[in-house]
Amino acid sequence: MDTRLQDKISAGESKVLEFKEILPQGDKIAKTVIAFSNTSGGQLIIGVGDDRTIKGIDPDVDIFELQDRVASIIYDLCYPNILPEFYTINVDGKLLFIIEVYRGNLLPYYLKKEGRNHGTYVRIGSSNRKADVETVIDLERQRINRSFDEEICFDTSFDSLDLTPLQKRFEARGKILDIEKLKSLKLVQEEHGHLYPSQALLILLGVRENATVKCARFKGTTMGSFIDKKEYSGDLFSQLDQVEMFIKNHLHLAGVIKGLQREDRYEIPMEAIREVILNAYVHRDYINLGRDIKVGIYDDIVNIVSPGGFPSSITIEDVLAGRSETRNKAIARVFKELDYIEQWGSGIKRIFSWCEEAGVAKPLITEKGDFVDVELYREYTSVSESVSESVSESVSESVQESVQESVQESVQESVQEKGEVYLGKRQVDILYFCLEPRTSKEILDYLGVINHSKNRKSHVTGLVTLGLLARTIPENPNDRNQKYITTEAGKLYVEENDNRRKTR
């Protein structure tokens with residue numbers, strides 16, 4: 001079996017994957033095919049159960065007759081015409097029938113009997129959703145390669161706008177923002193001798209009501225109560241500065257000795273945070289006026305939520321691979337002109353690189369329905385780490401291990417006395433990851449940190465001492481085949497953590 005397909009099935013249904021144990025009714029097939037065509041394409045796999053087990057289709061079925069039947073359903077029910085590929089894969093004697101659909105270029109696709117306005121479907125997460133009027137219009141824009149922010153607002157007078165905030169940003173870069181520049185950036189358009197602003201210009205100046213961001217510092221790891229909150233409006237560039245300052249005010253700042261000089265660093269690289277915020281502003285969905293960007297700071301993470309999923313034609317795998325597709329072309333041009341964007345498609349890789357260089361875990365980037373969620377992990381310095389770092393480098397490795405073990409024992413005693421333990425996001429991730437046996441290298445690779453003895457001690461050994469992780473070969477801790485697995489106590493902590501997260 002194709003290993004990549006097997007990995008996809010194991011991961012479950014998604015934006016580009018749907019399972020059916022048996023061939024569904026014609027309407028259901030058509031809706032899935034239409035949703036794939038309007039979004040990122042995808043595969044409808046027949047012969048896989050809801051629990052991801054491979055059942056296979058009836059071995060006596062005539063495959064060519066099945067293909068003709070599905071092709072007829074799609075031709076009769078869908079418009080414009082959709083031409084998927086059909087093929088089968090044999091898995092341990094069980095046959096899977098696959099309908100592979102590619103993103104179309106005649107958007108929008110819809111059910112003939114329901115019409116364009118009521119029969120258009122798109123893929124949101126792992127489900128097919130009927131598109132609203134705004135989404136149908138946006139699909140039409142995509143067909144002619146035009147973005148929402150490039151559209152002209154004939155109901156707003158250009159002369160009524162104060163361009164000062166934008167002009168100052170251009171002046172700071174040694175550039176002039178005149179009428180010709182505004183036209184070339186598609187921020188204004190001249191019609192019958194009158195200038196009209198584009199949606200992009202109104203958004204950049206903060207005129208649109210949803211061009212705002214809400215920030216909050218929450219107590220603990222849930223949204224139960226907040227310590228501080230702010231809402232910022234105005235031009236997007238001022239908002240960027242204000243959001244960055246809000247986050248800085250709620251992060252830990254530590255001094256690092258570099259050579260003969262002390263360098264202050266935040267627990268999360270500010271370059272990475274700035275890039276995530278920038279992406280949220282440039283790539284978010286501005287069509288829906290009822291949503292805005294949200295920044296939440298918890299004890300364990302900084303969470304940035306941007307309205308709108310990834311552009312229809314790409315998936316999370318594409319984004320992580322460096323593929324770039326801009327939803328707001330005019331806004332992106334302005335940010336590129338002002339050097340906020342260095343190179344198309346390089347942002348995610350730079351974010352990961354900055355975090356890796358700082359020794360913190362890679363951020364978690366997910367597409368959840370119709371919004372993008374980014375979690376940047378904060379660093380927790382445990383007692384054992386603090387003592388280990390204070391031990392002089394001249395002390396032998398064995399002495400350091402002895403000191404660390406004694407400190408971890410005292411931590412364990414303290415935990416047993418209190419009957420509770422609080423872990424950072426990274427430690428909880430390890431417990432999730434080690435529900436199956438993992439080597440220390442696999443654990444550190446999963447966290448995105450360098451495979452180094454210090455990291456193994458701080459991330460793995462501490463959890464073993466606390467009884468939340470166990471060695472698979474306890475009699476020989478240094479065995480080359482050593483692996484780690486989450487204990488029953490660790491599983492209980494994972495369950496409790498899930499319950500806390502559900503309140504977020």
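Any value given below was found using the heavy atoms of this structure, including those in side chains, with hydrogens, waters and symmetry copies removed.
- Of all the heavy atoms in S40 and V16, the pair that sits closest is CB-CG1, 3.9 Å.
- Checking side-chain atoms of S184 against main-chain N and O of K181 turns up a donor-acceptor pair under 3.5 Å.
- Between the side chain of R350 and the main chain of E271, no donor-acceptor pair closer than 3.5 Å is present.
- Heavy-atom minimum distance, L111 versus A30: CD2-CB, 3.6 Å.
- Using a 30° and 60° split on the angle between ring planes, Y340 and F237 fall in the tilted class, from 30° to 60°.
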Legend entry - From CA spacing to verdict: side-chain contact (heavy atoms from CB on, under 4.5 Å), F97, F86: CA-CA 7 Å; F97 179 62; F86 307 107; 3.8 Å; yes
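- For the pair R116 and E140, the salt-bridge criterion is met [side-chain N within less than 4.0 Å of a carboxylate O].
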Inset, instruction - Could you check E325 against R323 for salt bridge (Lys or Arg N to Asp or Glu O under 4.0 Å), going step by step and ending with a plain yes or no? - result: CA-CA 7 Å; E325 183 159 329; R323 179 179 167 185; 3.4 Å; yes
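- To the nearest 0.5 Å, atoms CD1 (I34) and CZ (R123) are separated by 13.0 Å.
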Inset, instruction - In sequence, state the C-alpha distance, the side-chain angles, and the governing distance for T315 and D318, and then conclude on side-chain hydrogen bond (donor to acceptor under 3.5 Å, both in side chains). - result: CA-CA 5 Å; T315 63; D318 296 327; 3.3 Å; yes
Inset, instruction - Let me see the working for K175 and E337 under salt bridge (Lys or Arg N to Asp or Glu O under 4.0 Å), right down to the final yes or no. - result: CA-CA 9 Å; K175 299 180 179 181; E337 183 78 17; 3.6 Å; yes
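- Using a 4.5 Å heavy-atom cutoff, the side chains of N210 and R284 are in contact.
- Counting heavy-atom neighbours within 6.0 Å of D241 CG, excluding the residue itself, gives a total above 12.
- Counting all heavy atoms, side chain and backbone alike, L166 lies closest to V334 at CD1-CG1, 4.3 Å.
- Under the 3.5 Å distance criterion, with hydrogens and angles disregarded, no donor-acceptor pair is assigned to the side chains of Q142 and R327.
- In this structure, E367 contributes its side chain and F310 its backbone to a donor-acceptor pair below 3.5 Å.
- Going from atom SG of C355 over to atom OH of Y377 covers 10.5 Å, rounded to the nearest 0.5 Å.
- The 12-atom threshold is exceeded at CD1 of I144, counting heavy atoms of other residues, nucleotides or ligands nearer than 6.0 Å.
- A side-chain donor-acceptor contact under 3.5 Å links Q239 to the backbone of G234.
- For the pair L96 and I46, the minimum side-chain heavy-atom distance is 4.5 Å or more.
- A cation-pi contact, defined as under 6.0 Å to the ring centre and within 45° of the axis, is absent between R103 and F36.
- Ring centroids of Y196 and F154 are separated by less than 6.0 Å, placing the two rings close together.
- Looking only at side-chain heavy atoms (C-beta outward), E244 and I273 stay at 4.5 Å or farther from each other.
- Under the rule for a salt bridge (charged side-chain N to carboxylate O under 4.0 Å, His left out), the partners of K230 that lie at least two apart in sequence or sit in another chain are D228.
- Taking the salt bridge (charged side-chain N to carboxylate O under 4.0 Å, His left out) definition, one finds that D162 meets it with nothing, sequence neighbours left out.
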Legend entry - Chi angles and distances behind the salt bridge (Lys or Arg N to Asp or Glu O under 4.0 Å) call for E18, K28: CA-CA 11 Å; E18 183 167 316; K28 291 185 178 180; over 6 Å; no
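- Between the side chains of T135 and D138, no donor N or O sits under 3.5 Å from an acceptor N or O.
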Quick one: side chains of residues 211-219, donor-acceptor pairs under 3.5 Å with protein atoms, not counting sequence neighbours, listed by atom name and distance.
| unit_1 | atom_1 | unit_2 | atom_2 | d |
| --- | --- | --- | --- | --- |
| R217 | NH1 | I297 | O | 3.4 |
| R217 | NH1 | D299 | OD1 | 3.2 |
| R217 | NH2 | D299 | OD1 | 2.9 |

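- Put simply, CD1 on I351 and CG on L376 are 7.5 Å apart, with the number rounded to the nearest 0.5 Å.
- A donor-acceptor pair shorter than 3.5 Å can be found between the side chains of D373 and N303.
- Under the 3.5 Å distance criterion, the side-chain polar atoms of T156 are left unmatched by any main-chain donor or acceptor of C153.
- N105 and R143 share no side-chain donor-acceptor pair at under 3.5 Å.
- Ion pair R208/D292 not flagged as a salt bridge, since none of the NZ, NE, NH1 or NH2 atoms sits closer than 4.0 Å to an Asp/Glu carboxylate oxygen.
- With hydrogens and angles disregarded, a donor-acceptor distance shorter than 3.5 Å links the side chain of E267 to the backbone of H252.
- For the pair V122 and L139, the minimum side-chain heavy-atom distance is below 4.5 Å.
- Side-chain contact between I247 and I277: present, with at least one pair of heavy atoms (C-beta onward) separated by less than 4.5 Å.
- More than 12 heavy atoms of other residues, nucleotides or ligands sit less than 6.0 Å from atom NZ of K112.
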Legend entry - Verdict with reasoning, I348 to N279, per side-chain contact (heavy atoms from CB on, under 4.5 Å): CA-CA 9 Å; I348 300 299; N279 284 341; 4.2 Å; yes
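- Separating the CZ atom in F19 from the OG atom in S14 is a distance of 7.5 Å, to the nearest 0.5 Å.
- The salt bridge (Lys or Arg N to Asp or Glu O under 4.0 Å) contacts involving residues 188-206 comprise K183-E190, where partners must be two or more places apart or lie in separate chains.
- N38 places a side-chain N or O within donor-acceptor distance of the main-chain N or O of Y109, the cut-off being under 3.5 Å.
- Remark: Y75 engages no residue in a ring pair (Phe, Tyr, Trp, His ring centres under 6.0 Å) (not counting sequence neighbours).
- A heavy-atom distance below 4.5 Å is not found between the side chains of I176 and F170.
- Note that CZ of R52 is 15.0 Å distant from NZ of K8, once rounded to the nearest 0.5 Å.
- Here the side chain of N249 pairs a donor or acceptor atom with the backbone of M245 at under 3.5 angstrom.
- Between I99 and Y87 there is no side-chain heavy-atom pair separated by less than 4.5 Å.
- For E151, the salt bridge (charged side-chain N to carboxylate O under 4.0 Å, His left out) test picks out R141, with sequence neighbours left out.
- No donor-acceptor pair under 3.5 Å is formed between the side chain of S353 and the backbone N or O of K349.
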Legend entry - Residues Y286, Q199; criterion side-chain hydrogen bond (donor to acceptor under 3.5 Å, both in side chains); working and verdict: CA-CA 9 Å; Y286 287 99; Q199 292 283 359; over 6 Å; no
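- A cation-pi arrangement is found for K362 relative to F352, the charged atom lying closer than 6.0 Å to the ring centre and inside a 45° cone about the ring normal.
- More than 12 heavy atoms of other residues, nucleotides or ligands shown are found within 6.0 angstrom of NZ on K248.
- When atom types are taken as modelled, the side chain of N328 and the backbone of D149 share no donor-acceptor pair closer than 3.5 angstrom.
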Inset, instruction - Could you walk me through whether K329 and E150 pass the salt bridge (Lys or Arg N to Asp or Glu O under 4.0 Å) test, one step at a time? - result: CA-CA 7 Å; K329 297 179 181 179; E150 291 178 328; 5.3 Å; no
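- K20 is not listed as a side-chain neighbour of V48, based on a closest heavy-atom distance of 4.5 Å or more.
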